[in-house]
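Convention: sequence-line order gives letters A, B, ...; per-chain numbering from 1.
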Amino acid sequence: MAERRYDPREIEPRWQEVWDREHSWEVSNQPDERPKAYVLEMLPYPSGEPHIGHLKTYSVGDAIAHFRRRNGYRVLHPMGYDAFGLPAENHAIKTGEHPRDSTQKSIEAFQRQFRAWGISIDWTREFGTHEPRYYRWTQWIFLKLLERGLAYRREAAVKWCPHDQTVLANEQVIDGRCERCGHEVEVRQLEQWFFRITDYADRLLEDLDTIEWPEHVKTMQRNWIGRSEGAEVVFRCEDLGIDYPVFTTRPDTLFGATFFVMAPEHPDVFRLAAGTEHEQAVHEYVNHALNESAEQRGDAEKPKTGVPLGRTVTNPVNGEQLPMFVADYVLMEYGTGAIMGVPAHDERDHEFAQAFDLPIRQVIECGEELPCTGDGPMVNSGQFDGKHNREAYEEIVRWLDREGRGHASVNYRLRDWLVSRQRYWGCPIPVVYCEGCGIVPIPEDQLPVVLPDVEDYAPKGRSPLAAAEDWVNTKCPSCGGPARRETDTMDTFVDSSWYFLRYCDAGNDQAAWDREVVDMWMPVDQYIGGVEHAILHLMYARFFCKALTDMDLLDVNEPFSALFTQGMVTKDGSKMSKSKGNTVDPARISDRYGADTARCYILFIGPPDQDVDWSDEGVEGTHRFLARLWRLGMDVAESTEAAPVPEAPEGDDLVLVRKAHWAIEKVSADMRRFAFNTAISAVHELVNESYRLRDAAGPGALRFAAQTAASLIFPFAPHTGADVYDRLTGRQVWLEPWPEADPDLLETDTFTLVVQVNGKVRDRLEASASATPDELKAMAREAPNVRAHLDGHEIVKEIVVPGKLVNIVVR
RNA sequence: GCGGGCGUGGCGGAACGGUAGACGCGCCGGCCUUAGGAGCCGGUGGGCCUCACGGCCCGUGGGGGUUCGACUCCCUCCGCCCGCACCA
């Protein structure tokens with residue numbers, strides 16, 4: 001055999017050129033007889049060069065896209081860039097380089113790498129979210145939401161990052177710190193734009209049942225929405241004649257309320273305290289609480305603090321006067337900003353009562369130490385005594401309703417989505433402020449509101465855009481009078497909440513999308529990305545689709561029918577980072593071993609949904625395997641004539657042909673369950689078997705085995721697969737239907753019968769596949785090593801698993 | 001604290017309730033070769049008995065249970081990872 005070297009540097013560009021020239025991965029918006037499949041990876045943020053995580057995401061996605069194509073689907077597989085955002089802007093502040101320029105450079109690096117990796121993308125649909133031809137429509141969606149009342153502006157206590165000089169969404173605050181830079185966030189009262197995602201809380205929750213997502217992602221979304229059923233109960237302050245409703249999930253504990261607490265932000269606290277001996281103390285406490293960082297304030301471990309307001313409210317169920325307090329453990333944003341304190345049955349209230357020496361009254365006998373939250377019969381609860389608390393719950397709510405002192409109610413942890421950002425590199429919010437007309441939307445035909453260039457990107461507590469005076473000062477589209485533009489930009493999560501819709505109709509310059517085209521492609525059949533987006537992006541995108549569908553602009557209730565979350569790639573057991581110096585540069589790996597090796601290896605080292613640790617020795621093994629497969633194909637092509645697959649193979653031919661069919665079956669099944677690691681293992685086995693039988697098997701069987709291996713490896717190593725398949729058959733593997741296993745060849749005439757005695761394997765026998773259970777039992781009993789274990793024992797029972805084993809139970 | 005996940009050779013990992021350790025890395029041996037860091041072939045969980053063929057025992061974080069049979073199902077404990085965390 002001739003000396004031959006597997007040379008990805010020659011093979012890979014050659015096939016990339018073919019795919020380019022033949023537009024192999026482009027797909028038109030004209031439907032045909034094939035069913036559609038929309039396969040999508042979460043769009044990357046273009047910063048620097050692609051990293052190993054991108055390689056993993058797209059290795060998974062591309063395998064799925066190829067598999068679907070060859071199973072007869074018309075596959076949409078696009079990509080683009082989530083190009084607005086802070087890193088590019090921070091880079092601009094440091095270097096003065098326009099974010100547009102640094103972003104463009106990075107996009108070019110992504111384009112180069114993705115082509116070198118041979119990912120099967122329809123590049124005709126590519127865009128960046130920072131391009132006016134895209135964000136024009138982001139602005140259009142904003143106006144639609146505004147029109148519908150789903151975008152609104154209000155003053156609110158918002159989370160402010162002093163380092164990034166911008167407000168943040170609740171979802172972007174982690175442990176009281178900015179998710180981007182890690183600085184402690186502050187609370188500020190500011191007027192900001194919000195999206196009314198809370199209107200959709202119930203549907204966002206319920207519709208989780210209709211989609212195929214990993215259970216833990218659904219759980220995270222459910223927790224984030226945080227639906228709580230309970231009741232609103234009205235407590236009246238007689239002194240001032242004001243009713244204060246509270247939300248409680250435990251109306252059954254109403255008789256156990258011994259105090260009443262308001263949040264420091266509650267608008268009435270000063271009014272209540274005015275003229276009492278506590279007035280001064282309340283002022284001091286509230287000021288202190290408001291200046292506390294979110295982290296300090298939010299710490300559940302910290303001892304309970306608060307001050308009395310010097311007033312009382314009336315408990316509607318028993319007329320008791322409960323002392324009022326202000327305390328920072330009560331949050332203004334949840335419920336009504338006030339609570340009833342039930343120290344016997346709530347841990348926090350219990351702590352507070354102990355700190356302030358307040359009475360603790362048990363109203364449910366739950367058989368545990370106080371505070372207890374369990375169930376049991378009611379006590380100290382008037383007419384409800386003796387009833388089970390669950391029953392009393394319903395009755396108390398009905399009683400409150402009848403008396404006009406309350407009603408059943410539902411609360412959510414989810415808050416409206418704060419979308420204003422006081423930053424430069426984002427999508428401008430398309431409204432102006434007019435002295436006469438107030439907030440005026442920019443008319444649709446004047447979009448896009450183009451992001452102007454500025455000199456200084458550094459934020460100074462207001463958006464850098466405010467410095468672009470010529471741009472800011474404009475005319476009111478409504479009255480023609482002087483007006484000022486909104487200078488805040490939108491949260492970049494707005495950009496990424498609809499990009500998958502735009503891919504469907506990316507070239508459309510008349511509309512964001514053509515309704516028919518989007519309805520045809522959507523929903524995304526398989527979405528692939530990191531679990532870090534389990535809440536933010538995935539919740540926002542779902543909200544957008546529901547809102548747009550309600551406006552009859554779409555018919556997409558859920559954008560992502562199925563979600564696959566891939567695990568991280570670590571090195572030496574920990575997350576890769578430049579500071580640790582444990583990064584693996586995918587470009588270097590693919591330069592050295594070829595893209596196919598890099599892609600295959602990353603899928604081979606472990607289940608793709610789990611974190612996997614990169615090993616430099618391991619990648620050599622995968623390179624060896626691909627070289628071995630390639631060499632097999634080349635040798636077989638050269639040394640044998642193009643012989644047909646034997647119709648009735650025998651002997652070693654049969655063994656090899658069977659192995660090929662076994663591999664087809666195994667890989668197909670593994671593809672469907674994303675078990676790419678074991679799928680690749682199956683191709684290993686087929687290649688190994690081909691080498692073992694290289695001299696014994698005939699040319700037809702050998703060719704069949706080699707071309708099957710090429711065909712099966714193609715979704716993971718497309719260049720190598722295409723090259724070997726082409727050499728052996730002269731055909732383009734990506735146009736070939738996915739192979740089907742012949743059921744006759746999956747079955748064998750004989751099998752290895754395992755014989756157990758009392759569950760322990762004692763022998764293995766070759767048995768005929770057509771043997772009856774009785775015949776198998778008889779065989780089993782006769783096996784020499786089995787007889788030794790049966791000797792002197794009584795057979796109690798014999799279990800036969802056809803095609804597998806016999807277990808003889810003895811005493 | 002609450003919720004979710006995980007625990008298998010020296011390592012990454014395989015195993016519809018039915019042969020534990022597929023496949024790969026590493027290691028050992030052989031062939032080829034002037035050479036081999038190339039390639040091909042074989043071996044490789046631990047302990048014990050046997051010249052050998054072969055056989056026996058132990059083994060999937062610990063303990064218990066269900067079952068003819070448990071890595072797999074149930075209970076419990078330990079350890080690690082990831083979410084959420086004063087949401088009334």
Does U44(B) have a Watson-Crick or wobble partner in any strand here, with both distances under 3.5 angstrom, and which is it?
G26(B)
Could you tell me which nucleotide pairs with U33(B) by Watson-Crick or G-U wobble geometry, both distances under 3.5 Å, or answer none if nothing does?
none
For the pair Asp763(A) and Arg787(A), evaluate salt bridge (Lys or Arg N to Asp or Glu O under 4.0 Å) and give the outcome as yes or no after the intermediate values.
CA-CA 10 Å; Asp763(A) 219 333; Arg787(A) 290 178 75 157; over 6 Å; no
Within the 3.5 Å criterion, strictly below it, is a donor on Glu229(A) or Thr249(A) matched to an acceptor on the partner's side chain?
no
Would you say a side-chain N or O of Lys797(A) is under 4.0 Å from OP1 or OP2 of C68(B)?
yes
Check every atom of A14(B), G24(B), C25(B) against the side chain of Asn688(A) and return the nucleotide holding the closest atom.
G24(B)
Between C53(B) and C27(B), how many Å separate the two P atoms, rounded to a whole number?
28 Å
Rounding to the closest angstrom, what is the interatomic distance between C28(B) and A38(B) at atom P?
13 Å
In whole angstrom, give the distance that lies between atom CD of Gln756(A) and atom P of C56(B).
13 Å
Does any N or O donor sit under 3.5 Å from an N or O acceptor when you compare the side chain of Asn223(A) with the base of C84(B)?
no
Round to a whole Å and report the spacing from CD of Glu689(A) to P of C23(B).
10 Å
Assess whether side chain to side chain contact (heavy atoms under 4.5 Å, CB included) is satisfied between Arg762(A) and Val757(A), documenting all intermediate values.
CA-CA 6 Å; Arg762(A) 294 305 179 190; Val757(A) 178; 3.8 Å; yes
Does a nitrogen or oxygen in the side chain of Arg624(A) sit under 4.0 Å from OP1 or OP2 of G26(B)?
yes
G83(B) phosphate, OP1 or OP2: any side-chain N/O from Lys218(A) under 4.0 angstrom?
no
Has His789(A) got a side-chain N or O lying under 4.0 Å from the OP1 or OP2 atom of G55(B)?
no
Would G64(B) be called syn or anti, given that syn covers angles within 90° of 0?
anti
If you pin Gly759(A) and Ser228(A) to their nearest nucleotides in RNA chain B, which one's is more 5'?
Gly759(A)
Heavy atoms of other groups near Glu212(A) CD, more than 12 under 6.0 Å:
no
For A85(B), take OP1 and OP2 only and decide whether either is under 4.0 Å from a side-chain N or O of Arg413(A).
yes
Taking the nucleotide of RNA chain B with the nearest heavy atom to each, does Arg631(A) or His216(A) sit closer to the 5' end?
His216(A)
In whole angstroms, how far is the P atom of G26(B) from the CG atom of Asp616(A)?
12 Å
Phosphate-side-chain proximity, Asn677(A) and A14(B), N/O vs OP1/OP2 below 4.0 Å:
yes
Can you tell me if Arg762(A) touches the phosphate of G54(B), counting only side-chain N or O atoms and a distance under 4.0 Å to OP1 or OP2?
no
Quantified in whole Å, what is the C1' atom distance between nucleotide U34(B) and nucleotide G29(B)?
23 Å
Using the ring of each side chain (for Trp, its six-membered ring), is Tyr540(A) parallel, tilted or perpendicular to Trp417(A), with breaks at 30° and 60°?
parallel
With rounding to whole Å, what would you report as the distance between G9(B) and C82(B) at their C1' atoms?
27 Å
